[in-house]
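To keep things clear, I will list the structure first and then write my remarks on it.
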Amino acid sequence: MMLFNMQSLAAVGALVLGATSVAAEGLDISFKAPSIHIAGQPFPVQVELQVGETETPIASWLLQPSAFSINGQPVAVRSEGVLIPLPPNTKLTVEYDLSEYIGDAADFELTYAAKIDDKGPIQVSTFTAARADDGGALDFMGMDEAQLAEYQVVMQTNRGPMLMEFWPEVAPGHVRNFLDLSSTGFYNDILFHRVGRNFMIQGGDPNTKDVALQARWGQGGGPRQLQAEFNDRKHVKGVLSMARSPDPDSASSQFFVMHGPNPGLDNSYSGFGTLVASHAPSFETLDRIASSPGSRIDSGTVRPAEPQRILSAGVVLKSATSK
């Protein structure tokens with residue numbers, strides 16, 4: 001599917017991860033694409049063009065899926081030699097779903113306009129959605145620790161993706177809960193309502209889906225409360241841990257991702273996983289969210305002025321490259 005928007009250069013949103021750009025004479029071109037592909041699901045990409053002060057002809061293939069190459073091979077035949085004149089100061093956005101061209105490709109390199117773009121490809125990691133043998137939902141709450149270790153979560157936000165892995169050997173109850181909530185769509189459309197640079201980002205409160213409940217943001221929870229599983233894993237950048245009240249056994253759905261080390265949280269909060277260290281875009285997303293400006297909550301955190309939203313959280317099988 002292809003969509004055009006000649007009115008603005010509005011961002012495609014948080015599924016977008018990697019980005020690069022190229023300048024041709026009288027024309028600026030950039031493209032964005034996810035760094036994570038889940039097999040069988042849409043793979044949205046976006047091309048943005050800005051024409052200068054004079055009418056500029058462009059090759060028609062720049063506005064087609066054929067402009068993209070996977071592992072060096074164009075995804076479709078290019079219509080060479082056909083030019084489209086664009087008026088001065090035109091702003092053009094073209095969006096595609098490239099999933100039909102990816103097929104069964106494993107991890108791959110995605111390139112746009114290889115003949116003119118020298119910025120290099122975007123590295124895309126491919127994952128398989130987690131399903132039971134019959135195609136239905138998995139019972140994470142009844143799963144043993146060894147099985148839990150086979151799964152990761154892809155969390156798509158409006159600032160980019162985060163790829164998460166887990167520590168069932170030290171916090172099995174928290175891992176079961178997080179995988180269950182992610183697989184059932186509980187976290188979809190929930191905000192990171194409290195963030196602090198060099199501290200952490202906190203989300204998972206269902207109250208944040210409703211701006212009318214803003215006075216109660218930070219008070220909501222999920223279908224269960226968890227027994228504390230304090231452990232010796234350190235609260236350093238990228239670590240996932242559970243928010244709670246003064247009651248050690250009050251954690252439910254709210255979690256936080258560390259943006260910097262905080263030894264004061266060690267052995268007092270239940271760390272249960274981490275962002276995958278080899279997936280650099282996850283940490284770029286964390287940096288963007290943690291640095292969001294907003295109104296002061298306390299000495300270390302703010303409520304972001306612009307929504308920092310979880311678009312979706314889905315469970316995937318751990319890939320061979322991240323085991």
Side-chain angles (χ1 to χ4, degrees), residues 139-145 148 151 153 155 157 162 164-196 199-275 286 289-290 296-304 308-310 313 315:
D139 177 18
F140 291 109
M141 297 307 297
M143 203 172 278
D144 64 34
E145 293 178 19
L148 293 171
Y151 299 99
V153 163
M155 184 168 285
T157 82
M162 290 187 284
M164 302 168 170
E165 61 184 2
F166 304 101
W167 301 331
E169 67 275 17
V170 297
H174 286 71
V175 174
R176 291 187 184 99
N177 179 67
F178 195 82
L179 289 174
D180 177 70
L181 295 179
S182 296
S183 68
T184 56
F186 179 90
Y187 287 125
N188 297 359
D189 206 36
I190 281 177
L191 303 181
F192 286 101
H193 64 277
R194 181 181 177 221
V195 307
F199 181 23
M200 60 87 201
I201 62 173
Q202 181 175 331
D205 180 356
N207 290 341
T208 62
K209 292 183 178 183
D210 186 352
V211 69
L213 298 178
Q214 191 167 9
R216 292 167 52 191
W217 288 6
Q219 301 175 25
R224 61 188 71 90
Q225 288 191 317
L226 308 175
Q227 294 291 310
E229 293 177 309
F230 302 155
N231 54 72
D232 60 1
R233 301 296 171 91
K234 303 302 183 184
H235 283 73
V236 296
K237 187 173 184 177
V239 163
L240 309 173
S241 193
M242 291 300 287
R244 62 173 177 82
S245 73
D247 178 358
D249 300 325
S250 60
S252 181
S253 64
Q254 291 191 52
F255 66 96
F256 54 95
V257 187
M258 299 302 300
H259 189 241
N262 192 313
L265 303 179
D266 296 346
N267 299 303
S268 297
Y269 288 81
S270 299
F272 65 95
T274 182
L275 301 184
L286 173 61
I289 295 175
R296 185 176 183 272
I297 294 176
D298 53 38
S299 60
T301 63
V302 302
R303 175 164 293 163
Q308 308 297 303
R309 191 177 305 278
I310 299 171
V315 182

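Quick caveat, the model's predicted, so the values are computed rather than measured.
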ask   = Side chains of Phe166 and Leu148: does their closest heavy-atom pair fall under 4.5 Å?
value = no

key: side chain to side chain contact (heavy atoms under 4.5 Å, CB included) assessment of Met164 paired with Leu275   = CA-CA 4 Å; Met164 302 168 170; Leu275 301 184; 3.9 Å; yes

inquiry  = How close do Pro206 and Ser253 get, counting heavy atoms only, and between which atoms?
reply    = CD-OG, 4.0 Å

key: Test item: Asn262 and Met200 side chains (from C-beta on) under 4.5 Å apart, heavy atoms   = no

inquiry  = Less than 4.5 Å apart, side chain to side chain, heavy atoms only: is that true for Phe256 and Leu265?
reply    = yes

ask   = Which residues pass the side chain to side chain contact (heavy atoms under 4.5 Å, CB included) test with Asp139, sequence neighbours left out?
value = Met141

ask   = Out of curiosity, Phe186 CZ to Ile310 CD1, how far, rounded to the nearest 0.5 Å?
value = 10.0 Å

ask   = Would His259 and Leu286 count as a side chain to side chain contact (heavy atoms under 4.5 Å, CB included) if you check the C-alpha gap in whole Å, the side-chain angles of each, and the deciding distance to 0.1 Å?
value = CA-CA 7 Å; His259 189 241; Leu286 173 61; 3.7 Å; yes

ask   = Taking side chain as C-beta onward, heavy atoms only, is Arg194 less than 4.5 Å from Asp298?
value = yes

Shortest non-hydrogen separation from Ala251 to Arg244 and the atoms involved = N-CB, 3.9 Å

request  = Compare every heavy atom of Ser268 with every heavy atom of Gly264, then report the nearest pair and how far apart it is.
outcome  = O-OG, 4.2 Å

task = Measure across Lys209 and Asn188 and return the closest heavy-atom pair with its distance rounded to 0.1 Å.
result = CE-O, 3.1 Å

query = Does some side-chain heavy atom of Tyr151 sit less than 4.5 Å from a side-chain heavy atom of Val175?
reply = no

message = side chain to side chain contact (heavy atoms under 4.5 Å, CB included), that's the test. Do Trp217 and Leu191 meet it? Break it down for me.
response = CA-CA 10 Å; Trp217 288 6; Leu191 303 181; 3.6 Å; yes

request  = Would you confirm whether Glu229, through its side chain, and Gly173, through its main-chain N or O, come within 3.5 Å as a donor-acceptor pair?
outcome  = yes

key: Main-chain N/O of Ser270 paired with Ser241 side-chain donor or acceptor, under 3.5 Å   = yes

Closest heavy-atom pair and its distance - Ala313, Val153 = CB-CG1, 4.3 Å

task = Let me see the working for His193 and Gln254 under side chain to side chain contact (heavy atoms under 4.5 Å, CB included), right down to the final yes or no.
result = CA-CA 10 Å; His193 64 277; Gln254 291 191 52; 3.3 Å; yes

query = Do Asn177 and Met242 touch side chain to side chain, with heavy atoms closer than 4.5 Å?
reply = yes

key: Any side-chain heavy-atom pair of Asp180 and Arg224 under 4.5 Å   = yes

ask   = Does a salt bridge link Asp205 with Arg216, judged by any charged N lying under 4.0 Å from a carboxylate O?
value = no

Thr274 side, atom OG1; His235 side, atom NE2 - distance, nearest 0.5 Å = 11.0 Å

note = Between Phe272 and the options Phe255, Phe178, Phe230, Trp167, the ring pair (Phe, Tyr, Trp, His ring centres under 6.0 Å) test singles out Phe178

key: Side-chain donor/acceptor of Arg176 to backbone N/O of Met143, under 3.5 Å   = yes

key: Nearest non-hydrogen partners of Asp189 and Arg309, listed with the distance   = OD1-CD, 3.1 Å

ask   = Between atom CD of Gln214 and atom CG of Asn207, what is the distance when rounded to the nearest 0.5 Å?
value = 11.0 Å

inquiry  = Is the shortest side-chain heavy-atom distance between Pro172 and Asp144 below 4.5 Å?
reply    = no

query = Mind checking what makes side chain to side chain contact (heavy atoms under 4.5 Å, CB included) contact with Ser252, not counting sequence neighbours?
reply = none

task = Would you check if the side chain of Asn231 reaches a backbone N or O of Gly271 as a donor-acceptor pair within less than 3.5 Å?
result = yes

note = Value for CD1 (Ile201) from CE (Met162), rounded to nearest 0.5 Å, stands at 4.5 Å

query = Between atom CZ of Arg233 and atom CG of Asp266, what is the distance when rounded to the nearest 0.5 Å?
reply = 12.0 Å

